[in-house]
A.B. asks: 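One structure follows; several queries about it will come next.
We're numbering straight along the sequence, starting at 1.
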Amino acid sequence: MTLELIGTWATALCLLVGAGFTLVGSIGLLKFNDSMTRLHAPTKVGTVGVGALLLASVLYSFTFEEGSYHELLIMGFLFVTAPISANFIAKVNIHRRSCETPPPPPEDDTWSTLNVPAADQHTEATSQN
């Protein structure tokens, strides 16, 4: 087996895995009912799918060309920003009360931004005026 043949098979495998994960994520986006479950499918499955597609691009570029690290930068950016944006979208849904409110914590009632301590309510009221 030559290096080109191994690279071709590895690229094809990454393409199939990436396309499969992306397909499952898009079906989950269409099938789920509320916004919080719709958020789960693309952020979890889509990140792995796009990561596998970018890995296939890296393998192809190193097998048949001079190689490129641009895909690795895109992959790093994707893996850093996808969970952060999902967290912000989930917080917006919680604040708009468009989903079920999470259960209260067992020991501390100020862990969430929904329960504002009395000391902070004064500063919020003065900043809004």
A.B. asks: Is there a path of hydrophobic side-chain contacts, each under 4.5 Å between heavy atoms, that joins Val24 and Val17?
C.D. replies: yes
A.B. asks: Do the side chains of Phe64 and Leu59 join up, straight or via other hydrophobic residues, at under 4.5 Å, putting them in one cluster?
C.D. replies: no
A.B. asks: Which distance, rounded to the nearest 0.5 Å, do you find between the CG of Asn87 and the CD1 of Ile84?
C.D. replies: 8.5 Å
A.B. asks: State, with a plain yes or no, whether a side-chain heavy atom of Glu71 is found less than 4.5 Å away from one of Leu55.
C.D. replies: no
A.B. asks: Identify the heavy atoms of Ala82 and Thr47 that sit nearest to each other, and give their distance.
C.D. replies: CB-OG1, 3.8 Å
A.B. asks: Closer than 3.5 angstrom, by distance alone: can the side chain of Ser61 be matched with the main-chain N or O of Val58 as a donor-acceptor pair?
C.D. replies: yes
A.B. asks: If I take atom CD1 from residue Ile6 and atom OG1 from residue Thr11, how far apart are they, to the nearest 0.5 angstrom?
C.D. replies: 11.5 Å
A.B. asks: CD1/Ile74 to CG/Leu54 distance, rounded to the nearest 0.5 angstrom?
C.D. replies: 6.0 Å
A.B. asks: Is there side-chain contact between Leu53 and Cys14, with heavy atoms separated by less than 4.5 Å?
C.D. replies: no
A.B. asks: Can you tell me if Glu4 and Thr63 form a side-chain donor-acceptor pair at under 3.5 Å?
C.D. replies: no
A.B. asks: Side-chain heavy atoms nearer than 4.5 Å, only ILVMFWY residues, links allowed to pass through others: does that put Phe88 and Val80 together?
C.D. replies: yes
A.B. asks: Using a 6.0 Å cut-off, check whether atom CG of Leu3 has over 12 heavy atoms from anything other than its own residue.
C.D. replies: no
A.B. asks: Let me confirm one number: the OG-CE distance from Ser57 to Met75, rounded to the nearest 0.5 Å.
C.D. replies: 8.5 Å
